[in-house]
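Note that these values count all heavy atoms, side chains included, but never hydrogens, waters or copies made by symmetry. Within every chain, numbering begins at 1; the chains are lettered A, B, ... in the order of the sequence lines, protein sequences first and strands thereafter.
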2 protein chains.
Amino acid sequence: MTKATTTADPRPYHHGDLHRAIVGAALDVLSESQSIEFSLRELARRAGVSHNAPYKHFADKRDLLAAVSAVGFELLAKQMTDATKEHDSPRERLAAMARAYVRGGVNNPALYRLMFGGYLTGQDDGRPAIERTAAENMKALLVDAISDGALGRLIPTAAANSREIDGAILIFWSQMHGLTLLLVDRLVGPREKMDELSESVLQGMLNGLANSIPVIPPGVWIGPPPGDSNLPSLALKG
Amino acid sequence: MTKATTTADPRPYHHGDLHRAIVGAALDVLSESQSIEFSLRELARRAGVSHNAPYKHFADKRDLLAAVSAVGFELLAKQMTDATKEHDSPRERLAAMARAYVRGGVNNPALYRLMFGGYLTGQDDGRPAIERTAAENMKALLVDAISDGALGRLIPTAAANSREIDGAILIFWSQMHGLTLLLVDRLVGPREKMDELSESVLQGMLNGLANSIPVIPPGVWIGPPPGDSNLPSLALKG
DNA sequence: AAGCGATGTTGACGTCGTCCACTTTAGCCT
DNA sequence: AGGCTAAAGTGGACGACGTCAACATCGCTT
């Protein structure tokens, strides 16, 4: 028999779906190394193609990163919808969404950083369109949950006033976003308490600091993580 | 006269304070290009030394980035203290600090991203010590402002309960951090409204969404910035 | 005055992103 | 059916990068 016709050819000249393979490899590397600094060439190696093949599917590295980031937004959105599906009351749905958002970031910090770390916001001010669409879709979920809450009188708002809804969304989003990134950066911890922390923060957000302080679980630290002490001092002049 | 002894020598063999010069060059490049991806070699070029001179002052690039980040934390802390100095009431001091924090990020996104973007949080879990010290100092300012507010009955807390203070700090910090990063990422805007936005968010945080919704200024957008429409649709399978 | 350690230089190596010319292949048009 | 074209993949090259090693120059201390 000839060598590559009848037998299962392990590597045909054309890959078939290299676009998806490259994005998948990027997600793998991101999860494994938890570092943003992977090389395009390594993705090609993982996909079993030459170092230049990806250029037939992505204009440049930034374009590839944008595609990966977009998938990240889609994954996050899916986790958020899945989480809310299990609950009925607006309060519980909001809490579930907050949990899913924080978990999404904490469980894959590198991907979250790629999505929100501004690797794509570059100089020409705009994010790639593909990524903006995905981000827009995710934001719509926040809008729904908050509007939902407003209708359910979780928030004292006549549903019509969209400016007020926007205010609530802004607070909710920035609150959860900030908590997630502080956890990811280990400026708050430990990460295992992320569910309790997101619940505390959500409760505090709803009640307001001027009315009652939320309880945060014991063992939580805020600021640089505890551990080695005797840190060096700094010198900043001029 | 000989050429390099009596006249003002433009470039002596030893620089004198290359450490500071390199960090300064990094801050310059960061401000100018608003991109994280600058090269160590370019900093050396700017400082007028060979591409290897910086290695006498920094173990590697990460070490240099940590030093830059530490300076960023110090600058931010300074802006925060300066801002609060002008005010007396706890409420105003807190608002001033929030404004300063958000401004710090928005006015130099690249530096803020370096500080919080996890370029240093790498795999060995810890940030460089020098940076942790600076971050710790900055956090202390938040603690003061919140404790201050608690004593001033801005927050209904007997001053002794540090767990409650921690809860308030966590909410305040993550709220401002999230707002700053959404602004920096242009997921909320426009940036010119940052002062009004931080005030709105602060007010909402104090009051609580369940009690009253803060007013956000007109013209604010949330989510991917408006502009070109007809964004492409996505495909996420498998 | 000597020398030693800190500081800076030169050259090299491997890797990276990207460009170019070339090859292979699938699918469409007569 | 058969050939053409354009998409998909290959291989080599280039300049820039981070880092290492060997060497050069200088200021301080004894």
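The ring pair (Phe, Tyr, Trp, His ring centres under 6.0 Å) test applied to Phe38(A) returns no partner, not counting sequence neighbours. Applying the salt bridge (charged side-chain N to carboxylate O under 4.0 Å, His left out) rule to Asp82(A) yields the partners Lys78(A), Lys85(A); only residues at least two apart in sequence or on another chain are considered. Under the salt bridge (charged side-chain N to carboxylate O under 4.0 Å, His left out) criterion, Asp144(A) pairs with no residue at all, not counting sequence neighbours. Take Asp63(A) and apply the side-chain hydrogen bond (donor to acceptor under 3.5 Å, both in side chains) test, not counting sequence neighbours, and it matches no residue. Residues satisfying the salt bridge (charged side-chain N to carboxylate O under 4.0 Å, His left out) criterion with Arg99(A), sequence neighbours excluded, are absent altogether. Residues passing the side-chain contact (heavy atoms from CB on, under 4.5 Å) test with His51(B), sequence neighbours excluded: Arg41(B). Listed by chain and number, the residues in a ring pair (Phe, Tyr, Trp, His ring centres under 6.0 Å) with Phe116(A) are Phe73(A), Tyr112(A), His177(A) (sequence neighbours excluded).
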Contacts under 3.5 Å, N or O only, protein and nucleotides 4-6 of chain D:
none

Show me the protein contacts with nucleotides 13-16 of chain C, counting only N or O atoms at under 3.5 Å.
residue: dC16(C); atom: OP1; partner: Ser39(A); partner atom: OG; Å: 3.1
residue: dC16(C); atom: OP2; partner: Arg45(A); partner atom: NH2; Å: 2.7

What N/O pairs connect the protein and nucleotides 20-22 of chain C at under 3.5 Å? Give each pair on its own line.
residue: dC20(C); atom: N4; partner: Asn52(A); partner atom: ND2; Å: 3.4

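Checking dT19(D), dT10(D), dT9(C) against every side-chain atom of Val49(A), the shortest atom distance belongs to dT10(D). Minimum atom distance to the side chain of His51(A) is reached by dA13(D), of the listed dA13(D), dT10(D), dG18(D).
Rounded to whole Å, the distance from CG on Leu18(A) to P on dG9(D) is 5 Å. Look at CG on Asp17(B): it is 15 Å from C1' on dG8(C), rounded to the nearest Å. A straight line from CD1 of Ile36(A) to P of dG17(C) spans 14 Å, rounded to a whole angstrom.
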Exercise answer: donor-acceptor pairs, residues 25-32 of chain A side-chain atoms, under 3.5 Å, sequence neighbours excluded:
residue: Ser31(A); atom: OG; partner: Leu27(A); partner atom: O; Å: 3.1
residue: Ser31(A); atom: OG; partner: Asn108(A); partner atom: ND2; Å: 3.3
residue: Glu32(A); atom: OE1; partner: Arg46(A); partner atom: NH1; Å: 3.4
residue: Glu32(A); atom: OE1; partner: Arg46(A); partner atom: NH2; Å: 2.9
residue: Glu32(A); atom: OE2; partner: Arg46(A); partner atom: NH1; Å: 3.4

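Between atom CD of residue Gln175(A) and atom CG of residue Leu202(A) there is a gap of 8.5 Å, rounded to the nearest 0.5 Å. Distance check, rounded to the nearest 0.5 Å: CZ of Arg62(B) to CG of Leu40(B) gives 14.5 Å.
Identified under the salt bridge (Lys or Arg N to Asp or Glu O under 4.0 Å) test for residues 105-120 of chain B, with sequence neighbours left out: Arg113(B)-Asp185(B).
Within the 4.0 Å cut-off from OP1 or OP2 of dA7(D), not a single side-chain nitrogen or oxygen of His57(A) is found.
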